[in-house]
Every structure is written in structure tokens, then in C-alpha cells.
Amino acid sequence: MVGLAWLLERAGLEYYDRGWGTAPKPDSAEWRRHVENVRAGRIETVAPQFWMTAEAGRNQVTRADRHLNGENPGVEPILAALNYSLYFKPGTMAGAARTLSRSPEEVAAVEELEAMPHLTVSNWAIGETVQHVYEAMAARSDAGRLHIIDMCSGTGATPAAIVNRLGVAQERGHGLDGDRLGIMSFETTPVFYDQLRTDYLPGARPHLEGLGVKEFETARLADFHNQPRTGTISLVAGDIVEGIVKLDMSEVTKDDVLVATANYGFHRLPSQRKDEIVQKLSAAENSVIVVGDLRQNGSAVNRGYFNMSNNGPLNTGNLWLEDMLGMAGYVTRTIGHEGYEPDFVDAALRDRLHEQLDDDGFVTIAVKGPKANELLFGE
């Protein structure tokens, strides 16, 4: 394990020397402080004069995508597991327990949310998007079911935001019966899956039972029930791409809607593996994919922190995401871009997302199928 950690750190140093101009030397106090922060899972940017350029960050992304697509297909789950177990601490990411107890107004108003504030804002935008689909389906006369698949669930903050907002909808009298709702969460990294199972699930259990989700499944990829089921939440440990490709969606009907969500997870997957997921999800007649993430390594926290360590060289970004979705038959819109301001997302959250577009953060909604288009885009 120590040797692998050293290799990851050396990879960071290699990229750190490319395209910087004025960078702190590896033997300087500035660099030593940065290394200490990385090892402690503490996010603290270096002085602005030492930040990586946006161009160098983009080069990292394209290099990582090319390398992981070509030479090492399917290796990213191992790299992610090493990265997160070695360098991320429980407080680094948005926590499920905090997410379950917050309101969108609180999220939008607080400046110091977590180390990566866009992560929390986009979690809630995703939650409200799923809430809108849930309420719109409850208002229809057909008996279609809602299948929610959260990819790259991490410690559980994204599914927690979704469950929170579905509970709000139900309190307003806009809920689906439990036999029309099913949830699946996939997580690759063992340390995050453990938190998902032991922290998120116990805290979410009463909320889920209130929604009519009464059956709870935790399983390894080889053992899980691979058909979306209603009245059930499944937490699945293993390679997310293999898990999605393995899904049997033969009983997902034309009246059903499949909503797949991913927040800050797609940047770990090279474009070929993202495309495997998109192609599989597009098999459902009506599907929605909601992605919150970074486009490239261009945010302030990336250029002043992540890009200098192993996280930068392993980040494949989302430079071609919309093209990929479009080729699979999806219509895509990004919140705050080209006038898209969906009223089902809280206005304060939309304002924050609009600001984040200039700092590399985005939330993109993709829909495929007549019912999904009607529910999300009114078309």
C-alpha cells in the first residue's frame, strides 16, 4: 500500500511540473504544507500565484481520458479506491447526515458548506429535479413506476438529498405509493460504500419507510438483484459500469421513468466507460440522466489544490458529455446555460449554479423518450 501511495504522489508531481511557470519547488515550505494537507484530507489551496493554469488543467483531463481509455481499460475503480482511502477523510465530502437535515434555502445561503461547495449545491439541484419527476408522475393518471438509480453514491449525500426532497413532496400530498418507487445506489470505493451502508442507510431508513420503501438490500455486485424493483432500496458495492451494464431492464415499461443521477462521479470515468453507461440507460423508453460535476480541472479548488496531487492526473473530466448523450438520443440542457432556468429548482440554488458555471461546475439534465420530455422539458 505504501508503494502504491508513493506512485500516486509521484504522478501528481509529474503533472505539477507541466505548464505552470511559477510553481513552488518540491523542497519549499509551500509544497511541504500542500503535501501535509493532501495526506490529511484537508483542502487548503496554495497561494494564487502558484495555481495551475486552466490550460494545464484541461491538458490533465485529456491526458487522463486518453490513458485510461487506451492503455488501462477498467483500472479506474482501483485507482479511485486507493485515492479516496488514502487521501480523503469523512469530513472532506458532503455528508449524508447533514444532507438529510438541510433545506435548499440553507444550502444556498451558507458560504462555507464543505470543502467543495458546488458538490452540495449540485446535490440539492439533483434532489429537486428528481422531486419534480416524482410529483409530476404522481399527478398523472397512468400507473407508471419511478426507478431511481444513483451512480457513484459516495458517502450517501446525493441519495440523501433525493430522499429528503421526495419526503417533502409526500408531505405536500404529491407522493407515489411505495409499490411505484424503487431506488438503487452504486458505489465502487470500499471506504465510501462502508459509510453508505453504516451512516447513510440507518439515517435514511425512517425517511424511506415513510415513502413506502420497506425492503432494504445491501450486496456485492456479484450478488445483487439486477432488476430495478419497486418498494426496495438496493445499495450495491462494485464497479459502477459493470453494475449498470448488468441491469436487466426488461420489465421497465413505456409508462415507467428511469432517472439516473451522478454527482461528482463521472469525472472518474473515461469517456468510453461513460458511454457504456449511457448506452445501457438509453435502453429504457423514458429515461432521465442528471449529472452534476466539473467539466475539466478548471475550478479554483482544482487549480489551487487537487491538480497538484494524484487527484488531478486521475480526473478525466466531462468535456464530451453532451455529445455522448446526444448520440444516444438524449436532449440535454444545463442549468444556467443558454437561459435554462427550471422553476422546479429553487431560485437561490439556480443562482449559485449559474455562478459556478464560471468555476467549472455544472448540472446537466438529459432526457430521452416522450414521457420524460414532457415531465422535464414540457415538450
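At least one donor-acceptor pair under 3.5 Å links the side chain of K368 to the backbone N or O of S282. Distance alone, capped at 3.5 Å, places no donor-acceptor pair between the Q60 side chain and the N297 backbone. No donor-acceptor distance shorter than 3.5 angstrom exists from the side chain of N373 to the backbone of P370, with no hydrogens or angles considered. Between the side chain of T253 and the main chain of D255, a donor-acceptor pair closer than 3.5 Å is present. Although no hydrogens or angles enter the test, the distance criterion places no donor-acceptor pair under 3.5 Å between the side chain of T155 and the main chain of L196. Side-chain atoms of Q170 come within 3.5 Å of backbone atoms of G210 as a donor-acceptor pair (strictly under, hydrogens ignored). Checking side-chain atoms of T230 against main-chain N and O of D179 turns up a donor-acceptor pair under 3.5 Å. Listed for the K274 side chain is no donor-acceptor partner under 3.5 Å among the backbone atoms of L321. Remark: the backbone N or O of V61 is not paired with any side-chain donor or acceptor of N315 at under 3.5 angstrom. One N or O on the side chain of K246 and one on the backbone of L221 form a donor-acceptor pair closer than 3.5 Å.
The environment of CD in E55 is sparse: at most 12 heavy-atom neighbours from other residues, nucleotides or ligands sit within 6.0 Å. Counting non-hydrogen atoms of neighbouring residues, nucleotides and ligands closer than 6.0 angstrom, the CZ atom of R58 reaches no more than 12 such neighbours.
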Chi angles and distances behind the side-chain contact (heavy atoms from CB on, under 4.5 Å) call for H147, M249: CA-CA 10 Å; H147 303 285; M249 295 192 291; over 6 Å; no

Worked verdict on E251 versus D256 for side-chain contact (heavy atoms from CB on, under 4.5 Å): CA-CA 9 Å; E251 294 189 16; D256 297 343; over 6 Å; no

Test side-chain contact (heavy atoms from CB on, under 4.5 Å) applied to W31 and V35, step by step: CA-CA 6 Å; W31 179 249; V35 171; 3.6 Å; yes

Working for side-chain contact (heavy atoms from CB on, under 4.5 Å), residues F224 and N226: CA-CA 6 Å; F224 88 107; N226 67 325; 3.6 Å; yes

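Residue A284 comes nearest to V252 through the heavy atom pair CB-CG1, 4.3 Å, listed as atom of the first residue, atom of the second, then distance. What you find for H132 and L376 is that their closest heavy atoms are CD2-CD1, 4.3 Å. Taking all atoms of both residues into account, the shortest heavy-atom contact from G238 to T188 is O-OG1, 3.1 Å. The two residues P202 and R197 come nearest to each other via the heavy atoms CD-O, 3.4 Å. Closest of all the heavy-atom pairs between P270 and N69 is CB-OD1, 3.1 Å. The two residues D359 and A300 make their nearest non-hydrogen contact at OD1-N, 2.9 Å.
Using a 4.0 Å cut-off between charged nitrogen and carboxylate oxygen, R205 and E209 count as a salt-bridge pair. Under 4.0 Å is where a charged nitrogen must lie from a carboxylate oxygen, and between K371 and E285 no such pair does.
Using a 4.5 Å cut-off on side-chain heavy atoms (C-beta onward), I365 and R333 make no contact. Between S153 and T158, every side-chain heavy-atom pair lies at or beyond the 4.5 Å cut-off. In this structure, P342 and R350 have side chains that are in contact, with non-hydrogen atoms separated by less than 4.5 Å. Two residues are said to be in side-chain contact when any heavy atoms from C-beta on lie closer than 4.5 Å; T316 and R273 fail this criterion. Using a 4.5 Å cut-off on side-chain heavy atoms (C-beta onward), L208 and F216 make contact. For the pair L166 and L181, the minimum side-chain heavy-atom distance is below 4.5 Å. Under the 4.5 Å side-chain criterion, counting only non-hydrogen atoms from C-beta, M324 is not in contact with Y330. Contact check for T334 versus E322: side-chain heavy atoms found under the 4.5 Å cut-off.
Judged by a 6.0 Å distance limit and a 45° cone about the ring axis, R295 is positioned over the six-membered ring of F362.
Of the N and O atoms on the side chains of D248 and S250, at least one donor lies less than 3.5 Å from an acceptor on the other residue. N307 and N302 form a side-chain donor-acceptor contact under 3.5 Å, judged by distance and modelled atom types alone. T261 and D150 share a side-chain donor-acceptor pair at under 3.5 Å.
Using a 30° and 60° split on the angle between ring planes, H267 and Y264 fall in the perpendicular class, above 60°. Between F377 and Y340, the ring planes lie perpendicular to each other; the angle is over 60°, past the 30° to 60° tilted range.
Taking CG from L281 and CD from Q279, the interatomic distance works out to 9.5 Å, rounded to the nearest 0.5 Å. Atom CG of residue L146 and atom CZ of residue R180 lie 9.0 Å apart, to the nearest 0.5 angstrom. The distance from the OG atom of S122 to the CG atom of L353 is 7.0 Å, given to the nearest 0.5 Å. To the nearest 0.5 Å, atom CG of residue L314 and atom NE2 of residue H67 are 9.0 Å apart. S185 OG to L201 CG: the interatomic distance, rounded to the nearest 0.5 Å, is 9.0 Å. H337 contributes atom NE2, which lies 8.0 Å from atom CG of L357 (distance to the nearest 0.5 angstrom).
Taken together through direct or relayed side-chain contacts under 4.5 Å among Ile, Leu, Val, Met, Phe, Trp and Tyr, L269 and F306 form parts of separate hydrophobic clusters. V257 and I289 end up in different hydrophobic clusters when Ile, Leu, Val, Met, Phe, Trp and Tyr side chains are linked at under 4.5 Å. At a threshold of 4.5 Å between side-chain heavy atoms, the hydrophobic network of Ile, Leu, Val, Met, Phe, Trp and Tyr places V259 and F186 in two separate groups. Following chains of ILVMFWY side-chain contacts shorter than 4.5 Å, one cannot reach I149 starting from V288, and the two form parts of different hydrophobic clusters. Both V130 and Y200 are part of a single hydrophobic cluster, where members link through side-chain heavy atoms under 4.5 Å apart.
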